[in-house]
Amino acid sequence: DNATEADDQLKAYLNENKNWPPKPVTSASDFSPLLQPPTLLLIGSLALLYTVTGPWSGHSLWFSHGAGDADAILNASQYYRLLTALTLHADVVHLLGNCLFGGFLFHFFCKLTGNGLGLFSMLFTATLANYINVVLHGENHLFVGFSTAVFAIIGMLAMISRGHRTNKRYLRLLPFMAGAALLAMI
């Protein structure tokens, strides 16, 4: 009895909703590059600086004034070495490893946190980790390289993953186990 009316209602419904849901508006600002600018800036800066400083040498002014020297940090308060040591590398293999692996992790870390917060938190935690390293190793310890920053990024990525709560206890340990596996791998 109501077939004609039901057919009219269905046609009206389909007509009203033919463009629903609306298609997302895309614009040039939605472009997401393969590598974020801070990643390119970071890797490029490390590589460019290496062309100036060269490999580790005890006679190089770059290494004698910028390498992480626990004695100079603890006794002469040269705290800037905690940060400058991140920019110096022992050899090309050390540089490439840090740039490739660190750049990969840093790219995704910045996608999660944003460029400014990602760069700041990476530098802050790497500098803090270098200081803890100096305190634990004592005065006869020299170090260079971006590896500390790579380790810091791994730790922060594990902690970001930890933020996703779950009811199963064993799943709460997965981010820590993944971070430990990455650290063991490198």
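Throughout, numbering of the chain's residues begins at 1 and tracks the sequence.
Phe120 and Leu40 sit in two unconnected hydrophobic clusters of ILVMFWY residues. Membership requires side-chain heavy atoms under 4.5 Å apart, directly or through other members. Residues Val144 and Ile73 do not share a hydrophobic cluster, clusters being chains of Ile/Leu/Val/Met/Phe/Trp/Tyr side chains in contact below 4.5 Å. No chain of hydrophobic side-chain contacts below 4.5 Å, direct or via other Ile, Leu, Val, Met, Phe, Trp or Tyr residues, connects Phe151 to Leu82.
Residues meeting the side-chain hydrogen bond (donor to acceptor under 3.5 Å, both in side chains) test with His65, sequence neighbours left out: none. By the salt bridge (charged side-chain N to carboxylate O under 4.0 Å, His left out) test, Lys18 is found to be paired with no residue, residues two or more places apart in sequence or in another chain being considered. Trp56 meets the ring-ring contact (aromatic ring centres under 6.0 Å, His included) test with Phe63; sequence neighbours excluded. With sequence neighbours excluded, the residues forming a salt bridge (charged side-chain N to carboxylate O under 4.0 Å, His left out) with Asp7 are Lys11, listed by chain and number. By the side chain to side chain contact (heavy atoms under 4.5 Å, CB included) test, Leu100 is found to be paired with no residue, residues two or more places apart in sequence or in another chain being considered. Take Phe143 and apply the ring-ring contact (aromatic ring centres under 6.0 Å, His included) test, not counting sequence neighbours, and it matches His141. Annotation: side chain to side chain contact (heavy atoms under 4.5 Å, CB included) contacts of Thr125 (sequence neighbours excluded): Ala152, Met156. Take Asn75 and apply the side-chain hydrogen bond (donor to acceptor under 3.5 Å, both in side chains) test, not counting sequence neighbours, and it matches Asp71, Glu139. A search for ring-ring contact (aromatic ring centres under 6.0 Å, His included) contacts involving Tyr80 returns nothing, not counting sequence neighbours. The side-chain hydrogen bond (donor to acceptor under 3.5 Å, both in side chains) check on Asp91 picks up nothing, with sequence neighbours excluded.
No side-chain donor-acceptor contact under 3.5 Å links Ser60 to the backbone of Ser57. Side-chain atoms of Arg81 come within 3.5 Å of backbone atoms of Ala67 as a donor-acceptor pair (strictly under, hydrogens ignored). One N or O on the side chain of His137 and one on the backbone of Asn133 form a donor-acceptor pair closer than 3.5 Å. When atom types are taken as modelled, the side chain of Tyr50 and the backbone of Val92 share a donor-acceptor pair closer than 3.5 angstrom.
The closest side-chain heavy-atom distance from Trp62 to Thr84 is not below 4.5 Å.
The hydrophobic cluster around Leu14 extends to Tyr13, counting ILVMFWY residues whose side-chain heavy atoms fall within less than 4.5 Å of a member. Listed by chain and number, the hydrophobic cluster partners of Val93 come to none, as no ILVMFWY side chain reaches under 4.5 Å of it.
Using cut-offs of 30° and 60° on the angle between ring planes, the pair Phe108 and Phe104 is perpendicular.
Atom CZ of Phe101 has more than 12 neighbouring heavy atoms from other residues, nucleotides or ligands inside a 6.0 Å radius. For Asn140, the CG atom counts as loosely surrounded, since its 6.0 Å shell holds 12 or fewer non-hydrogen atoms of other residues, nucleotides or ligands.
Taking CG of Leu119 as the start and OG1 of Thr113 as the end, the distance is 9.5 Å to the nearest 0.5 Å. The CZ atom of Phe124 sits 5.5 Å away from the CG atom of Leu128 when rounded to the nearest 0.5 Å. Atoms CG and CE, from Leu157 and Met159 in turn, are 11.5 Å apart once rounded to the nearest 0.5 Å. The distance from atom NE2 of His89 to atom OG of Ser147, rounded to the nearest 0.5 Å, is 6.0 Å. In this structure, CE in Met122 is found 11.5 Å from CG in Leu117, a value given to the nearest 0.5 Å.
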Intermediate values then yes/no, side-chain contact (heavy atoms from CB on, under 4.5 Å), Phe146 and Leu88: CA-CA 8 Å; Phe146 195 70; Leu88 301 171; over 6 Å; no
- request: Apply side-chain contact (heavy atoms from CB on, under 4.5 Å) to the pair Phe109 and Ile160, showing each step before the final yes or no.
  value: CA-CA 9 Å; Phe109 183 65; Ile160 288 172; 3.7 Å; yes
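Of the residues listed (Asn130, Thr127, Asn98), the one engaging Thr148 in a side chain to side chain donor-acceptor pair (under 3.5 Å) is Asn130, and it is the only one.
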